[in-house]
Amino acid sequence: MSTAWVSCDSAAVAAGADAVAEAIAAAGITVRRHGSRGMLWLEPLVELETEGGRVGYGNITEAEVGPLLDGALDDTDRCIGAVDDHPWMARQHRVSCARVGVIEPTDLAAYREHGGLAGLLRAIELTPEAVVAEVTASGLRGRGGAGFPAGIKWETVRTASADVKFVCCNADEGDSGTFADRMLIEGDPFTLIEGMAIAALAVGATEGFVYLRSEYPLAITTLRRAIEICYAHGILGESVLGSGRRFDLDVRVGAGAYICGEETSMLESLEGKRGEVRAKPPIPALEGLFGRPTVVNNVLTLSAVPMVLADGGEAYAALGTGRSRGTQVFQLAGNVARGGIVEADFGITLDTLVNDFGGGTASGRPVKAVQVGGPLGAYLPPSQFALPMDYEAFAEAGAMVGHGGIVVWDDTLDAAAMARFAMEFCAKESCGKCTPCRVGSIRGVEVIDRVIAAPDDGVRRTQLTLLEDLCTTMTKGSLCAMGGLTPMPVRSAIEYFPQDFGIPDDTTQGARS
Amino acid sequence: MRQRGPAPAAAPTPADPARAASVRALAEQFTDLRGPLLPILHAVVAAHGHVHDDDIPVIADVLNLSRADVHGVVTFYHDFRRTPPVAHRVSLCRGEACQARGAQTSYTAATDRWSASDDVEVAEVFCLGLCAQGPSGQIDGTLHTALTPERIEALTTGWQA
């Protein structure tokens, strides 16, 4: 063995991977730094190259590097065998994340060897109409949470006329429990760049921006390096891969505002303004950045595009369920035994994700709930775990798939406290433009406090009615999803965990009407 | 990121010509960009540690904006701090995923521990993207996972209370 692989992903680095890598290098072994496989409970994970593939060793500390290299860990449970064959990995269907954790993030030659640039090369041969048609045929929907069909958005931008058009990638992934964008950018940034270049060719855009959050410093560094390499190799710039068509791409760093994950707030922020949401219409596809037609897509949406073009829209559409086509990168987070990235076809159940992949809670206590889709998503109890991951099925159940984040809670969860936290978070991060969100969230905290402290059932019921009215006002009256969806965790908490609010089980009517 | 403690007082010091020249030079580097204000403010914070009230008219002048426009942007974003940084900073995630692993305990312990210190700032952040390994945080800029009150104590050994 002469080569060891140690992840350079933030999740590995934060767990001590740098010191492990240095110790291995000091022993005379070549160390290659790749993205994370997404088996986050095993980080730092060291992979040693052998004839039988890359063999993994989990949770390696600096002090254990000696024994690891001497073979002392080979027959222990610290050795997980060939990582590619590990059941947790082998059961997944990695499409968008196929190269994440496999290659070095900014190794362009390895990117091409593993199928990179095939989609962009094909897009150059096709007409813009045909590229958009492939995306439409794939059934690809926005992975940012709303699930809007990407092909329809692109077609709107393509047919709009303007002096300049833009492609903007919303990489302001601020939802707690989501980290797929970060892992993809840190592990395989060329995929995102390729997806954006394809989008630009398809709609006639010449400039692009990635709006990346400041909380991800390693992702910023990696993406900027990858963009430099793409310019040096003619993938970006005046003639994309010799096509004669220009596309320039720049990274812009956010400044710590959750609301800038909302597309119109992000556009305001890119323009150098306060990140306040815009009323729609006009839609960004017609009047987006600086008033020009703009494609705004999320990291995972754009990262699915190279595969759609390389293999054809029909191949992508063959994956998934119902109107949710393709794969989703689920993120198992919170109190979970085996947390990390699970890419699977839509239609997989919560039970499979939480119990089979996740292995239940990290604390070993029973699972009480999972919050799906970020801070604005619903809390769901195990009785709902048969739900398939499908935009429509979740919406019908009063929940949302969102960005695919799943936060697991054990039985110490206080759902009333978390409902209050949802309102508190909205109050802190509201852009302030519309009253239902700005004021409603503050009133929400106050009402929930009164529910929790209610001296008797009568007071509690009055306050719950008030809370329900407030939730309706926020849902119907807010300008964007921040105020509009904050009631989702609140209502689901009341519906499924009434006892946490002091409501006797047998009198529950649920807050959702 | 959010700072703990009271809002910064109005500019107590007279304008510093050297700083004004530096801020102007920083701002002028970005004027060819589309939407240059956020990159300028990031550069000012990187070079000077914070955005001072006196920086605002300088930047406004370079970009031909009103002072109110620049002030409005500076105060909207958590990253553009208005006071000089202190010696040490503990940023702890309070997102749901970290809370599911006990982040509240660590956050409360850290804020109590350093509440009287002028040298240490405890801040809350919402998500560092380490949601499967929480509670996570940054201690003087370095990312850490699985933070307990004991680990935070160990990682801040020797700091002035």
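What's counted below: heavy atoms across the whole structure, side chains too, no hydrogens, waters or symmetry copies. Throughout, a chain's letter reflects where its sequence line sits, starting with A, and its residues are numbered from 1.
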- [ ] Could you tell me which portion of A:Y216 (side chain, backbone, both or neither) has an atom closer than 4.5 angstrom to a non-hydrogen atom of chain B?
- [x] side chain
Open item on the list: Please identify, among B:G141, B:G72, B:A103, the residue contributing the most non-hydrogen atom pairs under 4.5 Å to chain A.
Closed with: B:G72
Task: Distance in Å, A:S269 OG paired with B:L38 CG, rounded so as to fall on 0.5 Å steps - done: 4.5 Å
Open item on the list: Does any backbone or side-chain atom of A:D175 lie under 4.5 Å from a heavy atom of chain B? Answer side chain, backbone, both or neither.
Closed with: backbone
- [ ] Please examine the side chains of B:C127 and A:E215, heavy atoms only from C-beta on, and report whether any two atoms are closer than 4.5 Å.
- [x] no
Task: Part of A:A362 within contact of chain B (heavy atom distance under 4.5 Å) - done: side chain
Open item on the list: If we ignore hydrogens and angles and just use 3.5 Å, is the side chain of A:R274 paired with the main-chain N or O of B:D69 as donor and acceptor?
Closed with: no
Open item on the list: Give me the atom names and distance for the closest heavy-atom approach of A:G340 to B:A132.
Closed with: N-CB, 4.1 Å
Open item on the list: Less than 4.5 Å apart, side chain to side chain, heavy atoms only: is that true for B:F126 and A:F425?
Closed with: yes
Open item on the list: For B:G35 versus A:F290, what's the shortest heavy-atom pair and its separation?
Closed with: N-CZ, 3.6 Å
TODO: Hey, could you give me the CZ/CG distance between A:F179 and B:L128, rounded to the nearest 0.5 Å?
DONE: 13.0 Å
- [ ] Output the distance between atom CG (A:L270) and atom CG (B:L33), rounded to the nearest 0.5 Å.
- [x] 11.5 Å
TODO: Indicate yes or no: does A:E207 engage B:R34 in a salt bridge with an N to O separation below 4.0 Å.
DONE: yes
TODO: Answer yes or no: is there a side-chain heavy-atom contact under 4.5 Å between A:V253 and B:D79?
DONE: no
TODO: Let me know if A:E43 has heavy atoms under 4.5 Å from chain B in its side chain, its backbone, both or neither.
DONE: side chain
TODO: Inspect the surroundings of CZ in B:R67 and state if more than 12 heavy atoms from other residues, nucleotides or ligands are less than 6.0 Å away.
DONE: no
Task: Between B:Y77 and A:S214: side-chain donor-acceptor atoms closer than 3.5 Å - done: no
TODO: Mind jotting down which residue pairs meet the salt bridge (Lys or Arg N to Asp or Glu O under 4.0 Å) criterion with at least one end in residues 91-107 of chain B? Sequence neighbours excluded, please.
DONE: A:E424-B:R94, B:R94-B:E124
Task: For B:V73 against A:G272, the heavy-atom pair lying closest together - done: CG2-O, 3.6 Å
Open item on the list: So which residue, A:F209, A:W41, A:F166, ends up with the most heavy-atom pairs under 4.5 Å with chain B?
Closed with: A:F166
Open item on the list: So B:Q99 and A:W409, do their side chains get closer than 4.5 Å, heavy atoms only?
Closed with: yes
Task: chain A contacts, top residue of B:G134, B:G95, B:G129 (heavy-atom pairs, under 4.5 Å) - done: B:G129
- [ ] Could you tell me the separation between the CG atom of A:L218 and the CG atom of B:L143, rounded to the nearest 0.5 Å?
- [x] 6.5 Å
For residues 415-422 of chain A, which side-chain N or O atoms pair as donor and acceptor with protein atoms under 3.5 Å away, sequence neighbours left out?
unit_1, atom_1, unit_2, atom_2, d
A:R420, NE, A:D449, OD1, 2.6
A:R420, NE, A:D449, OD2, 3.4
A:R420, NH2, A:D449, OD2, 3.2

Open item on the list: Taking the side chain as everything from C-beta on, heavy atoms only, tell me whether B:H78 gets closer than 4.5 Å to A:E429.
Closed with: yes
TODO: Below 4.5 Å from any heavy atom of chain B, which atoms of A:I406 appear? Answer side chain, backbone, both or neither.
DONE: neither
Task: Engaged part of A:C260 at the chain B interface, taking heavy atoms whose separation is under 4.5 Å - done: side chain
Task: Interface moiety of A:R213 toward chain B, non-hydrogen atoms closer than 4.5 Å - done: side chain
TODO: Could you check if a side-chain atom of B:C131 sits within less than 4.5 angstrom of a side-chain atom of A:T178, using non-hydrogen atoms only?
DONE: no
Open item on the list: If I compare all heavy atoms of A:A15 with all of B:T145, which pair ends up nearest, and what's the gap?
Closed with: CA-OG1, 3.9 Å
Task: Any B:L37 side-chain heavy atom under 4.5 Å of A:E271 side chain - done: no
Open item on the list: Below 4.5 Å, heavy-atom pairs only: which of A:G275, A:G374, A:G254, A:G16 has the largest tally toward chain B?
Closed with: A:G275
Open item on the list: Below 4.5 Å, heavy-atom pairs only: which of A:G339, A:G177, A:A257 has the largest tally toward chain B?
Closed with: A:G177
